[in-house]
Amino acid sequence: MKEYLLKYIEDKQLFGQFDRILLAVSGGIDSVVMVNLFSEARIQFAIAHCNFMLRGEESAEDEVFVKNLADQFNVPFFVKSFDTETYAKDNQLSIQMAARDLRYDWFDQLLEEKGYDFIATAHHRDDVLESLLLNLTKGTGISGLQGIRAKLGRVVRPVLFASRQDIADYAADKKLQWREDSSNQSNQYQRNLIRN
């Protein structure tokens, strides 16, 4: 899978050999696989983790897990906790939109302050289909039918070439450990409803 990653990065011109990449890591299977792939490919990276404080002890345990992952790979680690519920209420946003705003605002800040060139998220091929279906249910225009782009500004998505099954197979082959987000099983969120 490492070869597919490198080819995808080159084909999509996501970043250059000497660029410094910040990986957005939740601790879930997708982002843990991304970390391992970057390490295998010998791409210089650091890890950023958002604690949205939405799941109590589970959120705290995710943060510890990702910190340990950064220690394991001996890479810089950045973490920030957010009062997501208050931000969502104050700005009349859904929890998902509030978390998205908070996350990307902090990522932009980190890129500037720490001198990283790009932030990489672990979206994969199945996420693209979910986004298209989600946008269709909202009555989107043509712009919404683009799904998730491989590169948008300073955000890159180097694992878009892989399916959810590819990621699961890789994780099993490498005997990786990751965290399961219990909220992913809830159909309260529209994306989960489509996924589940």
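Since the structure is predicted, the reported quantities are computational estimates derived from the model, not experimental observations. Only this structure's heavy atoms are used, side chains among them; waters, hydrogens and symmetry mates stay out.
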Quick one: do Phe82 and Arg103 satisfy side chain to side chain contact (heavy atoms under 4.5 Å, CB included)? Show the steps, please. CA-CA 9 Å; Phe82 301 96; Arg103 175 170 60 240; 5.8 Å; no
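- Using a 4.5 Å heavy-atom cutoff, the side chains of Tyr104 and Val155 are in contact.
- At a threshold of 4.5 Å between non-hydrogen side-chain atoms, the residues Ile95 and Glu85 count as touching.
- Annotation: side chain of Asp127 is not in contact with side chain of Arg157 (no heavy-atom distance under 4.5 Å).
- The CD1 atom of Ile47 sits 13.5 Å away from atom CD1 of Ile21, with the distance rounded to the nearest 0.5 Å.
- Residues Phe118 and Leu14 have side chains not in contact (no heavy-atom distance under 4.5 Å, counting atoms from C-beta outward).
- Note: Tyr8 and Phe161 have tilted aromatic rings, judged against thresholds of 30 and 60 degrees for the angle between ring planes.
- To the nearest 0.5 angstrom, Gln17 atom CD is 11.0 Å from Glu10 atom CD.
- Val75 is not listed as a side-chain neighbour of Gln44, based on a closest heavy-atom distance of 4.5 Å or more.
- Expressed to the nearest 0.5 Å, how far CD of Glu57 lies from CG of Asp62 amounts to 10.0 Å.
- For the ring-ring contact (aromatic ring centres under 6.0 Å, His included) test, no residue two or more places apart in sequence or in another chain qualifies with Phe65.
- For His124 against Ser163, the heavy-atom pair with the smallest separation is ND1-C, 4.4 Å.
- Donor-acceptor pairing under 3.5 Å is lacking for the side chains of Gln72 and Asn68.
- Contact record, Phe107 with Ala24: CZ-CB, 3.5 Å, taken as the closest heavy-atom pair.
- More than 12 heavy atoms of other residues, nucleotides or ligands lie within 6.0 Å of CD in Gln109, so this atom counts as buried by the packing criterion.
- Between Ile29 and Ala168, the closest heavy-atom pair is CD1-CA, 4.0 Å.
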Could you list the donor-acceptor pairs under 3.5 angstrom formed between side-chain atoms of residues 33-40 and any protein atom two or more places apart in sequence or on another chain?
from: Asn36; atom 1: ND2; to: Val32; atom 2: O; distance (Å): 2.9
from: Glu40; atom 1: OE2; to: Tyr170; atom 2: OH; distance (Å): 2.9
from: Glu40; atom 1: OE2; to: Lys174; atom 2: NZ; distance (Å): 3.0

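- Between Thr84 and Ala99 the shortest heavy-atom distance is CG2-N, 4.0 Å.
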Audit row: Ile9, Ile43, side chain to side chain contact (heavy atoms under 4.5 Å, CB included) steps and yes/no: CA-CA 11 Å; Ile9 290 168; Ile43 300 170; 3.8 Å; yes
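- Note: Arg154 CZ to Ile119 CD1 = 10.0 Å, rounded to the nearest 0.5 Å.
- With contacts defined as side-chain heavy-atom distances shorter than 4.5 Å, the pair Tyr116/Pro76 qualifies.
- With contacts defined as side-chain heavy-atom distances shorter than 4.5 Å, the pair Asp101/Tyr87 qualifies.
- Residues Phe78 and Val64 do not share a hydrophobic cluster, clusters being chains of Ile/Leu/Val/Met/Phe/Trp/Tyr side chains in contact below 4.5 Å.
- Ion pair Glu61/Arg55 not flagged as a salt bridge, since none of the NZ, NE, NH1 or NH2 atoms sits closer than 4.0 Å to an Asp/Glu carboxylate oxygen.
- Put simply, the side chain of Val66 does not reach to within 4.5 Å of the side chain of Val79, judged on heavy atoms.
- Enclosure of atom NZ in Lys151 by more than 12 non-hydrogen atoms of other residues, nucleotides or ligands within 6.0 angstrom is indicated.
- In this structure, the separation between OG on Ser26 and CD on Glu63 is 13.0 Å, given to the nearest 0.5 Å.
- Cluster membership check: Met53 does not share its hydrophobic cluster with Met97, using side-chain heavy-atom separations under 4.5 Å among Ile, Leu, Val, Met, Phe, Trp and Tyr.
- Closest of all the heavy-atom pairs between Ala162 and Ile167 is CB-CG1, 4.1 Å.
- Distance check: Leu160 CG to Leu5 CG gives 11.5 Å after rounding to the nearest 0.5 Å.
- By the neighbour-count criterion of 12 heavy atoms within 6.0 Å, atom CG of Asp90 is densely surrounded, having more than that number from other residues, nucleotides or ligands.
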